[in-house]
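Heads up, the thing below is written out as structure tokens.
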Amino acid sequence: MQLDNVEDLYPLSPLQHGMLFHSIASPRSGVYLEQFSFTVEAEGFDADAFRSAWIEVLSRHTALRTSFVWEGLDEPLQVVREKVDLPWQYLDWRGLENGQQADALEEQLKSNLEEGFDLSQAPLMRVCLIRNRDDKYLCVWTRHHIVADGWSTSLILDELQRIYARIVAGIDRVSPRVHPYRDYIAWLRQRDSEQTDDERFWREYLQGFSERTSPGTSGKRSSVHRLGDFSEIEKSL
């Protein structure tokens, strides 16, 4: 394990344990890779400020600066790096026809998933900003589920918008502290899973139920979403 550039070191959550196990067992499955995309109005948009906002988000969240170690250890650990570089790509597709852009986007998304992530190297995310029209950008955020789940996505993007708006407006303000992921791990370690009210509830609720259930997944390796006009956040200042 690389001992320099280490900010923190702590165990995994049970869910992270499962994802790490399956990712190691099937490294090319891509089942835990996720992509989120949203469009941005080009008018008034500052691509450099947008990149700076992503860098600040990355620096604020320990989970996004986390890698994982497991070889030779009794228990896997997650390693928070003090500093990481933002994997950033900028593409200009305005010279391509609509059909060509569709093909290029499909290839871009596919190659991002096929590239995957080395779980021992942080960050386990990358951002691609595509200028696909004179009046539009498309941002694609690819990440590993082990460091950010769906619920976290909306929180991170909301924070990204606020930071971007602050940078564009030239406001020098320190954002509120973010609780590190270590706090959640510490809380989990303190719980006695055999005595929790929620476990007792589900044991009683499912008593007598023996049939297997489907997790309801479609088998797709990723999902691509859409967010509203990113520049609208500037109006909230």
Side-chain angles (χ1 to χ4, degrees), residues 19-20 22-55 57-58 61 63-68 84-154 156-158 160-161 164 215-232:
M19 286 189 279
L20 178 64
H22 288 111
S23 296
I24 295 173
S26 303
R28 300 190 63 83
S29 70
V31 67
Y32 293 115
L33 301 186
E34 299 182 338
Q35 291 177 318
F36 193 102
S37 71
F38 55 93
T39 59
V40 182
E41 296 290 342
E43 184 177 359
F45 179 70
D46 187 329
D48 290 334
F50 185 66
R51 182 181 183 184
S52 296
W54 271 111
I55 292 173
V57 167
L58 192 59
H61 291 274
L64 298 181
R65 291 183 279 112
T66 294
S67 59
F68 297 83
V84 294
D85 294 326
L86 172 69
W88 172 270
Q89 186 178 21
Y90 177 81
L91 300 170
D92 191 337
W93 290 350
R94 284 176 291 176
L96 301 180
E97 299 293 335
N98 289 341
Q100 293 174 315
Q101 286 196 14
D103 291 341
L105 179 59
E106 181 178 356
E107 179 59 32
Q108 177 71 18
L109 298 177
K110 179 182 177 182
S111 63
N112 257 303
L113 292 177
E114 290 178 344
E115 180 180 352
F117 293 100
D118 178 353
L119 294 181
S120 66
Q121 301 294 323
L124 300 178
M125 57 164 278
R126 62 180 70 97
V127 180
C128 180
L129 182 64
I130 304 167
R131 185 75 182 270
N132 54 348
R133 288 167 44 182
D134 288 337
D135 61 343
K136 294 282 185 181
Y137 287 85
L138 177 68
C139 178
V140 179
W141 177 28
T142 305
R143 67 192 183 281
H144 199 288
H145 189 79
I146 200 169
V147 296
D149 58 16
W151 184 77
S152 303
T153 296
S154 60
I156 292 173
L157 292 178
D158 182 62
L160 174 71
Q161 292 174 323
Y164 168 79
T217 57
S218 64
K220 294 182 180 179
R221 296 186 302 171
S222 69
S223 57
V224 181
H225 308 272
R226 294 292 181 268
L227 191 69
D229 179 7
F230 189 88
S231 61
E232 287 295 312

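Only heavy atoms go into these numbers, but all of them, side chains included; no hydrogens, no water, no symmetry mates.
- In this structure, Q121 and L124 approach most closely via the heavy-atom pair O-CD2, 3.0 Å.
- By the 4.5 Å heavy-atom criterion applied to side chains, L86 and R51 are counted as neighbours.
- The structure places CG of L119 at 10.0 Å from CE of M19, a figure rounded to the nearest 0.5 Å.
- Panel note: side chain S26, backbone S23; no donor-acceptor pair is recorded below 3.5 Å.
- At least one donor-acceptor pair closer than 3.5 Å links the side chain of Q101 to the backbone N or O of N132.
- From C128, atom SG reaches atom CG of L91 across 4.0 Å, with rounding to the nearest 0.5 Å.
- Annotation: the span from L160 atom CG to L58 atom CG amounts to 11.5 Å, rounded to 0.5 Å.
- Scanning both residues, A104 and L96, for their nearest heavy atoms gives CB-CD1, 4.2 Å.
- Checking side-chain atoms of Q108 against main-chain N and O of L105 turns up no donor-acceptor pair under 3.5 Å.
- Separating the CZ atom in R126 from the CD atom in Q89 is a distance of 9.0 Å, to the nearest 0.5 Å.
- A salt bridge is absent between R28 and E114: the closest approach of a Lys/Arg side-chain nitrogen to an acidic carboxylate oxygen does not fall below 4.0 angstrom.
- Here the side chain of E34 pairs no donor or acceptor atom with the backbone of D149 at under 3.5 angstrom.
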Checklist entry - Step by step, would you call L33 with H145 a side chain to side chain contact (heavy atoms under 4.5 Å, CB included)? => result CA-CA 6 Å; L33 301 186; H145 189 79; over 6 Å; no
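- Put simply, the side chain of Y164 gets close to the backbone of D46: a donor and an acceptor are under 3.5 Å apart.
- For the ring-ring contact (aromatic ring centres under 6.0 Å, His included) test with W141, the passing option among F50, F36, F38, W54 is W54; the others fail.
- Residues D118 and S120 come closest through the heavy atom pair OD1-OG, 2.7 Å.
- In this structure, the side chain of H144 engages the main chain of I146 through a donor-acceptor pair within 3.5 Å.
- Two residues are said to be in side-chain contact when any heavy atoms from C-beta on lie closer than 4.5 Å; L129 and W88 meet this criterion.
- In plain terms, the two heavy atoms of L64 and A148 that are nearest each other are CD2-CB, 4.4 Å.
- The six-membered or imidazole ring of Y32 lies away from that of F117, with a centre-to-centre distance of 6.0 Å or more.
- The line from CZ of R131 to OH of Y137 is 3.5 Å long, rounded to the nearest 0.5 Å.
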Item to check | Test log, rule side chain to side chain contact (heavy atoms under 4.5 Å, CB included), inputs T153 and R143 | outcome: CA-CA 10 Å; T153 296; R143 67 192 183 281; 2.5 Å; yes
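- To the nearest 0.5 angstrom, T39 atom OG1 is 9.0 Å from R133 atom CZ.
- Listed for the D85 side chain is no donor-acceptor partner under 3.5 Å among the backbone atoms of P87.
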